[in-house]
Protein chains: 2
Amino acid sequence: MTKKPLPHNHGQNIERQLDHMPETAEFQAVSDVFRQLGDGSRIKIFWLLCHCEECVINISALMEMSSPAVSHHLRQLKAAGLIVSRRDGKEVYYKAADTKEAQLLHHMIEELVAITCPAL
Amino acid sequence: MTKKPLPHNHGQNIERQLDHMPETAEFQAVSDVFRQLGDGSRIKIFWLLCHCEECVINISALMEMSSPAVSHHLRQLKAAGLIVSRRDGKEVYYKAADTKEAQLLHHMIEELVAITCPAL
DNA sequence: AATACAATTAAACGATTGCTTAATTGTTAA
DNA sequence: TTAACAATTAAGCAATCGTTTAATTGTATT
């Protein structure tokens, strides 16, 4: 397999530097995860569900958002595998998924809050 | 300061669980960072610039994208403080910013690649 | 069965996003 | 001062996104 040379050669041995670069599909998969948390409402919902298990009405109250809007976000987070749900009577309870991925993202959020908002 | 009670009380002492919840503005700031990496092209560019310093033409070649499209992404990443640039003659070189935030995100990407694509 | 409540879904909308093509700016070399 | 190359900017466009309102589904109670 031959690699196409770059238009400019600055003599940096780029092939070694970019060795084991992930496939484009892998970058896409990771960006799909990041995009889930790329919305202020959704990242707050995810954080909430990392700290408690709650029904949609209470999540809506905590978020000060309509329940259809919250439901919409919950569906996306669930499709992404970041949260899980269970029905108990009339109510559906949501919480963060018990996965490496969800734990990593939760930890990441806490770290970024500390870094990007040092004054608070 | 009084906190408004939730519509439903499931007896979980939610006030304690949600203690030191970040402000809405902090969630917004963190989600702004995540959104930068919520695009397959941009996350790949950022990864590249974590591993080498390159000019726009070479980034375009590596990405197989037009230079205006790449320039557009570079501007966003730079505005977010994730990359820096320097001009040398006719060319502008970009690389990842030397900040805690950028390092954390780079590390995070590598971890997520390993988690979400275990077979590769 | 009928009612009430919780949650989801559907349709519609304004706003944002990522890319394309074309024009423009910045720098170097002839 | 041209000419050529690198990079950015601008305008336009289809596609996606987040929310709202209204209708629908699911469950429990009377």
Side-chain angles (χ1 to χ4, degrees), chain A residues 5-10 24 27-28 30-46 48-49 53-80 82-95, chain B residues 5-10 24 27-28 30-46 48-49 53-80 82-95:
Chain A
L6 294 179
H8 289 194
N9 185 339
H10 310 300
T24 295
F27 281 121
Q28 191 59 52
V30 175
S31 72
D32 287 343
V33 175
F34 276 113
R35 188 162 56 252
Q36 285 303 313
L37 304 180
D39 175 79
S41 299
R42 220 152 41 227
I43 201 172
K44 184 171 176 180
I45 291 174
F46 178 71
L48 283 173
L49 298 178
E53 182 185 47
E54 269 298 354
C55 64
V56 178
I57 282 201
N58 278 357
I59 299 171
S60 299
L62 289 164
M63 293 294 300
E64 302 183 41
M65 282 178 80
S66 72
S67 50
V70 167
S71 218
H72 184 69
H73 287 306
L74 291 172
R75 193 153 73 106
Q76 292 186 68
L77 289 168
K78 190 177 179 183
L82 298 182
I83 64 175
V84 295
S85 66
R86 70 178 171 88
R87 180 179 275 275
D88 181 9
K90 282 188 285 191
E91 291 154 25
V92 176
Y93 290 86
Y94 285 88
K95 67 174 178 181
Chain B
L6 294 179
H8 289 194
N9 184 339
H10 311 299
T24 294
F27 281 121
Q28 191 59 53
V30 175
S31 72
D32 287 342
V33 175
F34 276 114
R35 190 163 52 253
Q36 284 303 313
L37 303 180
D39 175 80
S41 299
R42 217 149 45 226
I43 201 173
K44 184 172 176 181
I45 291 174
F46 178 70
L48 282 174
L49 299 178
E53 182 184 47
E54 269 299 352
C55 64
V56 177
I57 281 200
N58 279 357
I59 299 171
S60 299
L62 289 165
M63 293 295 299
E64 303 182 41
M65 283 178 79
S66 72
S67 51
V70 167
S71 218
H72 184 68
H73 288 306
L74 291 171
R75 193 153 72 105
Q76 291 185 68
L77 289 168
K78 190 176 179 183
L82 299 181
I83 63 174
V84 295
S85 67
R86 69 180 171 87
R87 181 177 274 275
D88 181 9
K90 281 189 284 192
E91 290 151 27
V92 176
Y93 290 85
Y94 286 87
K95 67 173 178 181

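The chains referred to below are lettered A, B, ... by the order of the sequence lines, with proteins before strands, and numbering in each begins at 1.
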Among residues at least two apart in sequence or on other chains, which ones pass side-chain hydrogen bond (donor to acceptor under 3.5 Å, both in side chains) with Q36(B)?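 Checked Q36(B) against side-chain hydrogen bond (donor to acceptor under 3.5 Å, both in side chains); zero matches.
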Sequence neighbours excluded, the answer for side-chain hydrogen bond (donor to acceptor under 3.5 Å, both in side chains) partners of S85(A) is K78(A)
Exercise. E64(B) has an atom CD; how far is it from atom P of dC19(C), in whole Å?
Worked result: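 Rounded to the whole Å, the gap is 13 Å.
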**Asked** What is the distance from CG of D88(A) to P of dT27(D), rounded to the nearest Å?
**Response**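 My rounded result for the distance is 12 Å.
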What N/O pairs connect the protein and nucleotides 15-22 of chain D at under 3.5 Å? Give each pair on its own line.
unit_1	atom_1	unit_2	atom_2	d
dG18(D)	OP1	R42(A)	NH1	3.4
dG18(D)	OP1	R42(A)	NH2	3.1
dG18(D)	OP2	R42(A)	NH1	3.1
dT19(D)	OP1	S41(A)	OG	3.1
dT19(D)	OP2	H73(A)	NE2	2.1
dT20(D)	OP2	S66(A)	OG	3.2

| message | Can you give me the bend angle of the helix from dA1(C)-dT30(D) to dA30(C)-dT1(D)? Use the axis through the first five pairs and the one through the last five, nearest 10 degrees. | response |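 Answer for the end axes of this duplex: 10°.
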Where the side chain of [X] meets the backbone of [Y], is there a donor-acceptor pair that is under 3.5 Å apart?
X	Y	value
R35(B)	L37(B)	no
S71(A)	P68(A)	no
N58(B)	L6(A)	no

- Query: Mind checking what makes side chain to side chain contact (heavy atoms under 4.5 Å, CB included) contact with H73(B), not counting sequence neighbours?
  - Reply: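 H73(B): side chain to side chain contact (heavy atoms under 4.5 Å, CB included) contacts with D39(B), S41(B), R42(B), I45(B), M65(B), Q76(B).
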Validation row: [X], [Y] side chains within 4.5 angstrom (heavy atoms):
X	Y	value
E53(B)	H10(A)	no
S60(B)	I57(B)	no
L74(B)	L49(B)	yes

message = Looking at K95(B) and E54(B), is there a salt bridge between them, counting it only when a charged N and a carboxylate O are closer than 4.0 Å?
response = no
Tabulate protein N/O versus nucleotide N/O from nucleotides 2-7 of chain C, keeping only pairs under 3.5 Å, one per line.
unit_1	atom_1	unit_2	atom_2	d
dA6(C)	OP1	H8(B)	NE2	2.4
dA6(C)	O3'	K90(A)	O	3.4
dA7(C)	OP1	V56(A)	N	3.3
dA7(C)	OP1	V92(A)	N	2.9
dA7(C)	OP1	V92(A)	O	3.3
dA7(C)	OP2	I57(A)	N	2.9

